[in-house]
Structures are given as C-alpha cells and as structure tokens.
Amino acid sequence: MNKFYITTPIFYPTSAPHIGTAYNVFVADTLARYFRAKLGDQNVFFLTGTDEHGTKLAKSAEAAGKTPIEFVDELSALYDQTWKDLGISHDFFIRTTNPVHEKFAQDLLQKSFDNGDIYEKSYEGLYCEGCESFKTDSEIVDGKCPDHPTKTLVQLSEKNYFFRLSKYQDWLLEYLEQNKEFVFPSKWYDYVVGLVKEGLNDVSISRESVKWGIPVPFDPSQTIYVWYDALPNYLSVFNFDEVKAKGFTDEFWPEARHFVGKDILKFHAILWPAMLKSAGLPLPAQVLVHGHFTVGGVKLGKSNGNAIDPLELKKKYPVDAIRYSLLTEFQLGNDGDFSVERLEALYNGVLGNNYGNLLNRVIHLSNKKQVEINNHAKVDSEFKAQVDEFRTKVEGYFDAYEIKLAADTINELSTFGNKYIDENKPWLETDNAKVENVLNNLSYLLSVVNTLYSPILPEATAKAIEALKNREVIILFPKLDENK
RNA sequence: CGCGGGGUAGAGCAGAGGUAGCUCGUCAGGCUCAUAACCUGAAGGUCGUCCGUUCGAUUCGGACCCCCGCAACCA
C-alpha cells in the first residue's frame, strides 16, 4: 500500500454534529495523520462531507422558514467549520448538492440503466401525508406514524425504479470469500457474509414524490433515492476541480477505506459494491466498521438529552482530551461508553501524570545538570533497542487500525521511561557523564513517544516536540479541575 | 429453532489452549528531578451458568440464562 484514502460517511445535516459523528471523524483523522506520516502527505486523501437531499431535509428547511438550498448551505458550513474547529485534517469537504456530484451520480445510474440493471415497478405501501413519504412496518407504531399521530396512513402506490441487487448476490459472496479483509473487523465481515447468504432483494432507487433530489437521468419526473445519491460521493469527489488541483486523482480509489458505523455497514459492504460492479467500476479496498457508544450509559439521542455538541465539550476540555477518551475507550468495531468522568481520569492520569510529567522531569533535570540531550546518535544501543521494540509494536497496531491498543502500548513506553529514570536516579548522580547518558536516552524515548502519539494527540505532541527541542518546561496537560 | 454482538477484579476495558492483564480507584511502603506527579508491594476475579473435546479451557464445541443491535423501499 503506497496510497491511503479514508472516508467518513457523508452526514445528514438535519441538525448540528454530535459526539457520535465526531467520534467517526476523529478516528478517520487519526488514521489519516498516521498514514500521512508513514506514506507522505501527498499519498493520503481524507474525505468527509454532507448528504443534502431528501424529504426530511426539505421538511426541516420548511420548518426553519428557508429554502432547501439555503438550509443545507448553512448546515454543511456548520459541519465543515465544526471539523475545522476540532482540528480535523480533512483534505476536502464534499456536498451532494454540488453539480459535479449530481452529474456523477446520474452518470453512474445511467450506466446501470443501460446495462439492464434498473427496471420499473410500482411500489405499494402506507404513506404518511405529514412526512410526505412511505413508512416501513418498523416505522409504524400502533398503526400510526409516530411523527404525525393525528393523520391516517393511506395505502398508495407509486412508480419506482429498482436496482437488481439480487443479480449480484453470488458474485458478491464469491468476492467476499476471496477478500476476507474487505470488511474489518472480522466479526463484521462474518455479519455481512451472513446477510448476503440470506439472500439479496432488489432495492428501490428512485422516488416520484420526493422533489428535493437529483433527477433520474432517464426519467426526470423522478429523483434518485438516498443511497444511490449518497454513496457515489466517494468517487465523484475526484471530478472536483479543487480536488484535482491538489493532486488527488482516482488513483487513490483502489486504496479507499470507508469508515462507517455498523448501522450503515450493509449499504457500504453490499449495495455499494454491487452498484460499482453494475457500472463496471472497481471496488474500494475496505470497509472499516465501528460500533456505537452510549454516553453515561444512555444511548445517544436528542430524546435522551445527551446528543453532546463536541464544540460545547471543547469549551471545557482540550480537543486532545476528547480525542484520547473517544479513541481509547473501546476498540474499533466494539460498542462502548463515553463519560466525562472517564475522560478526566484518562487525561489527568495517562496523559498528564505519565506522559506530560515525564517530559518535564527530563527537561528540568537536563537544564539543572546542564547536560546535552536530544543526541540520538549517543543513545545506548540496548536502551534504543528496547524503545524501538515498543515503536514497532505500536506501528503494527496502527497499521491494523487498532488505535486503542496502540495508545495503550505508547502508555507502557511512557511508564517504562518513568521506571527507567527512577531506577537510575540521575538527580542523585554526581558524575555528569552518567547523568547525560540517562537523560539523553530518555530524550530519545520521549521523541519516540511524541511521534507515536501525534496521530492521536496532534496539538499536545506538537507542543511537546517544540518543548523538548528547546528544553523548555511546559505544562502539556494542565490538571482538569472537576469543579471547573 | 431469523441474524449478529456482548457477559473477565469496585468502575471502564484488553487478552489468549498451559503462572489471568491494562487504566482509574483502594491500602501500605519508597523517592523527592517532576503537573501533590513518579516507583515498589498488597488487597480484590471460581473470566455469565451447565455439559463436552483435551494431559490441560477463561480461551475450542454444544445447550441454557441475561443485556444490546439488526431483520434490507429504514437519512
């Protein structure tokens, strides 16, 4: 792998970003930063954006007294700005209302239409006039639409275009069996294989009643429905002039990694590959799957009052503290829980006491004893070998997307440094050559810790690297006061 | 018998066929260079329950109990 292309889902901006979407973006950002350091900036492309069509958005816009495009202009800007405020390093922010994307989505659909994978069928179902959309059985509560309980659901039929997903079942199963890494972690691979084996049904990919959407190229009375509109963003992005100008081309496509929540896994691992195959296009490299976490033990949701705004959280905690907590609380693919209590404990303990404090111990002592540090050529070979062993282990974890295990191991290296300084007691040593040897060794260890932590803690490590270089004492992680 | 995930120290989480680990917390020492930080030691687990495979299982297989997602026209 000499290129790395990571995507987040494009978010549906009916409201501001919350902690769950931030988690996804933080992980993608961490991987992007790690691979930039490994492969070079020009070989990593990191994409995020917003999915801006559909009835729900049109309704939200109406409720806000705005036109749909005014509404999505504002919200997509809010998303882009939120990620920038959180220090996210995305290379481009894509919007599905951009004509470049719309054209690409239409072309993709047209290709499938031309080769016979799209057909017309009437769809019958219960329609809610309040939502202006059909309701599935699982959406209906007590025979009513939960959002409009006073209105009666009516049986309606509508002409739809369908995609022959069923045609690709055998092909997909074979593809999955030959590409066991296509979905990661493996438990989610197993889940996808199970779904495909159960059988794939054709899916409706257009709507007559939805006006806020991309027109179906071969029937402008219809608009393209959700996934056929949204998923192509990962590829349409390479048609944008700004993206081309930065040197990102579809050469990145075969190395694409889609980072998605388990809720939308099947669309990325089943529908999307079939859409691409139908259009004669190559598949992405991998779908990386994350679980869902609760906040203080409660499922995320507006109705639960815990849809935390990451920018609000940032007012109270450094971004690195939020990142560290979210990235290390659970492994990729697993569900977990997020709480500010844990965040504070990790920040004060792991970051402040173990890492930040070690940095200062070394800098303080080296200044006090006036010895040379940061001379990597003079590091004891045995000590260096031990540190490098940690480094190799951590890099292996990053390569395998195991951010939590990487972070845990970096913390072990930091602990190793604290033990080393305690055992050698350079503050008691009168022989300056010995002191210099110990502290110089530690300065090497710290440089490795800084580098390894940098994808996870970009702000703090940037400061730490400067502080070590200039031998300036710095409080990297000021203690969090629980009363703050 | 719809599919899948999970049940490991007070809490949050790793792990792996063969003395059960990490972070936080608790207790007792040590140190004093450092962000009242650091180091050492201790307490605390029959690794959900019951069978089976094995010389040996918490790790593999089966059954069961409990919790949680999904079940495909869900934005």
Side-chain angles (χ1 to χ4, degrees), chain A residues 9-14 51-57 60 121 123-125 133-139 158 160 162-163 165 187-188 190-207 225-227 229-230 262-267 270-271 291-292 294 297 299 325 328-331 333-339 341-342 344-346 348-369 402 404-405 407-409 411-412 414-415 417-429 435 438-439 473-479:
Chain A
I10 46 174
F11 302 106
Y12 201 64
T14 47
D51 173 19
E52 308 186 354
H53 291 120
T55 308
K56 265 200 180 170
L57 271 177
S60 298
K121 193 176 116 181
Y123 167 63
E124 292 204 15
S133 68
F134 286 92
K135 293 284 153 183
T136 61
D137 289 348
S138 57
E139 286 175 306
E158 176 184 292
N160 274 190
F162 279 69
F163 171 62
L165 181 59
K187 68 177 181 185
W188 292 112
D190 295 342
Y191 167 81
V192 169
V193 170
L195 286 182
V196 178
K197 281 184 176 164
E198 279 177 36
L200 303 179
N201 295 326
D202 294 348
V203 294
S204 163
I205 53 91
S206 76
R207 284 291 182 279
Y225 192 60
V226 287
W227 290 103
D229 172 348
K262 61 183 184 179
D263 53 327
I264 55 173
L265 168 59
K266 61 188 165 219
F267 302 107
I270 296 175
L271 178 59
H292 292 161
T294 50
K299 206 173 147 184
S325 172
T328 65
E329 203 60 302
F330 30 89
Q331 278 177 291
N334 288 0
D335 291 343
D337 186 62
F338 170 82
S339 73
E341 290 78 12
R342 282 291 294 168
E344 290 184 1
L346 289 168
N348 286 337
V350 174
L351 298 182
N353 298 348
N354 206 22
Y355 167 41
N357 187 46
L358 177 63
L359 180 75
N360 275 354
R361 297 178 84 179
V362 172
I363 293 174
H364 262 286
L365 261 177
S366 69
N367 287 339
K368 196 169 175 179
K369 298 277 191 179
E402 294 284 10
K404 176 192 166 51
L405 298 180
D408 286 353
T409 307
N411 188 39
E412 281 177 33
S414 189
T415 297
N418 273 311
K419 276 182 197 173
Y420 179 78
I421 196 170
D422 267 53
E423 283 164 8
N424 287 283
K425 300 182 176 40
W427 52 89
L428 294 181
E429 182 60 57
V435 173
V438 169
L439 295 181
V473 172
I474 182 176
I475 302 297
L476 262 191
F477 306 99
K479 275 285 145 60

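Throughout, a chain's letter reflects where its sequence line sits, starting with A, and its residues are numbered from 1. Just so we're clear, the structure is a prediction, and the values are computed from it rather than from any experiment.
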>> How close do S204(A) and S206(A) get, counting heavy atoms only, and between which atoms?
In response: OG-O, 3.5 Å

>> Taking any heavy-atom pair under 4.0 Å as a contact, classify K404(A): base, sugar-phosphate, or nothing.
In response: sugar-phosphate

> Is the shortest side-chain N/O distance from N334(A) to OP1 or OP2 of rA14(B) below 4.0 Å?
Replying inline: yes

> Which nucleotide sits closest to the side chain of K479(A): rU35(B), rC33(B), rA14(B)?
Replying inline: rU35(B)

> What nucleic acid atoms does N411(A) come within less than 4.0 Å of, heavy atoms only: base, sugar-phosphate, or nothing?
Replying inline: sugar-phosphate

>> Side chain of K266(A) only, heavy atoms from C-beta on: which candidate in rC70(B), rC24(B), rA34(B) is closest?
In response: rC70(B)

>> Could you tell me how far apart L195(A) (CG) and rG5(B) (C1') are, to the nearest whole angstrom?
In response: 13 Å

>> Can you tell me how far apart CG (L365(A)) and CD1 (I421(A)) are? Round to the nearest 0.5 Å.
In response: 5.5 Å

> Which whole-number value in Å describes the distance from R342(A) CZ to rC22(B) P?
Replying inline: 15 Å

> Quick one: Y355(A) OH to rU23(B) P, roughly how many Å, whole number?
Replying inline: 18 Å

> Of the nucleotides rA37(B), rC39(B), rC33(B), which one has an atom closest to the side chain of I421(A)?
Replying inline: rC33(B)

>> Quick check for you: among rC39(B), rU35(B), rG69(B), whose closest atom lies nearest to any side-chain atom of N418(A)?
In response: rC39(B)

> Which listed nucleotide (rA72(B), rG69(B), rA14(B)) is nearest to the side chain of K262(A)?
Replying inline: rG69(B)

> Which part of the nucleic acid, if any, lies within contact of G194(A), taking any heavy atom under 4.0 Å across all strands shown: a base, the sugar-phosphate backbone alone, or nothing?
Replying inline: nothing

>> For the backbone of L439(A) and the side chain of K369(A), can you confirm whether one donor and one acceptor N or O come within less than 3.5 Å of each other?
In response: no

>> Heavy atoms from C-beta onward define the side chain here; which of rA72(B), rA14(B), rC38(B) lies closest to that of V203(A)?
In response: rA72(B)

> Contact class for G417(A) (heavy atom, under 4.0 Å): base, sugar-phosphate, or nothing?
Replying inline: nothing

> Considering only the P atoms, how many Å lie between rU23(B) and rC60(B), rounded to the nearest integer?
Replying inline: 26 Å

>> Distance check, P atoms only: rA42(B) and rG21(B), in whole angstrom units.
In response: 12 Å

> For A345(A) and I474(A), take the nucleotide of RNA chain B holding the closest heavy atom to each; which residue's nucleotide lies nearer the 5' end?
Replying inline: A345(A)

> When you measure from the side chain of H364(A), which nucleotide among rC38(B), rA72(B), rA34(B) comes out closest?
Replying inline: rA34(B)

> Taking atom C1' of rG4(B) as reference, at what distance in whole Å does atom CG of D190(A) sit?
Replying inline: 9 Å

>> Between rC1(B) and rU59(B), how many Å separate the two C1' atoms, rounded to a whole number?
In response: 28 Å

> Looking at rG4(B), rC33(B), rA37(B), which one has an atom nearest to any side-chain atom of Y191(A)?
Replying inline: rG4(B)

> Can you tell if the side chain of F163(A) reaches within under 4.5 Å of the side chain of L271(A), non-hydrogen atoms only?
Replying inline: yes

> RNA chain B: L358(A) or V226(A), which has the more 5' nearest nucleotide?
Replying inline: L358(A)

> For atom P, what is the distance between rC47(B) and rG18(B), given to the nearest Å?
Replying inline: 15 Å

>> Given 3.5 Å as the limit, does a donor-acceptor pair link the side chain of N360(A) with the main chain of I474(A), or not?
In response: yes

> Is there a side-chain polar atom (N or O) of K425(A) under 4.0 Å from OP1 or OP2 of rU32(B)?
Replying inline: no

> Is any side-chain heavy atom of K266(A) less than 4.5 Å from a side-chain heavy atom of V196(A)?
Replying inline: no

> G356(A) near the nucleic acid: base, sugar-phosphate alone, or nothing, with a heavy-atom cut-off under 4.0 Å?
Replying inline: base

>> Suppose we screen for salt bridge (charged side-chain N to carboxylate O under 4.0 Å, His left out). Which residues come up paired with R361(A), at least two apart in sequence or across chains?
In response: D422(A)

> Expressed in angstrom and rounded to an integer, what is the separation of N201(A) atom CG from rA72(B) atom P?
Replying inline: 9 Å

> Among rC3(B), rG69(B), rU35(B), which nucleotide sits nearest the side chain of L476(A)?
Replying inline: rU35(B)

>> Can you measure F477(A) atom CZ to rA36(B) atom C1' for me and round it to whole angstrom units?
In response: 19 Å

> What nucleic acid atoms does D51(A) come within less than 4.0 Å of, heavy atoms only: base, sugar-phosphate, or nothing?
Replying inline: base

>> Looking at H292(A), I'd like to know whether one of its side-chain N or O atoms comes within less than 4.0 Å of OP1 or OP2 on rC70(B).
In response: no

> Just checking T415(A): base, sugar-phosphate only, or nothing, at a heavy-atom cut-off of under 4.0 Å?
Replying inline: sugar-phosphate

> Side chain of D422(A): nearest nucleotide among rU35(B), rA14(B), rC39(B)?
Replying inline: rC39(B)

> How far, in whole Å, is rU26(B) from rC64(B) if one measures between their C1' atoms?
Replying inline: 37 Å

> What closest approach, in Å, do N354(A) and L358(A) show between heavy atoms, and which atom pair accounts for it?
Replying inline: O-CB, 3.3 Å

> In whole angstrom, what separates D335(A)'s CG from rC13(B)'s P?
Replying inline: 10 Å

>> Using side chain to side chain donor-acceptor pair (under 3.5 Å), reason through N334(A) and K262(A) one step at a time and then give a plain yes or no.
In response: CA-CA 10 Å; N334(A) 288 0; K262(A) 61 183 184 179; over 6 Å; no

> Quick check: does any side chain N or O of D335(A) sit under 3.5 Å from a backbone N or O of H292(A), one acting as donor and the other as acceptor?
Replying inline: yes

> Rounding to the closest angstrom, what is the interatomic distance between rG17(B) and rG52(B) at atom P?
Replying inline: 23 Å

>> Expressed as a whole number of angstroms, how long is the span from I264(A):CD1 to rC70(B):P?
In response: 13 Å

> Could you write out RNA chain B as a dot-bracket string, with dots for unpaired bases, | for bases paired across to another strand, and Watson-Crick or G-U pairs counted at under 3.5 Å?
Replying inline: .((((((..((((....[..)))).(((((.......))))).....(((((..]....))))))))))).....

>> Categorize L200(A) for me: base, sugar-phosphate, or nothing, with a 4.0 angstrom heavy-atom threshold over every strand shown.
In response: base

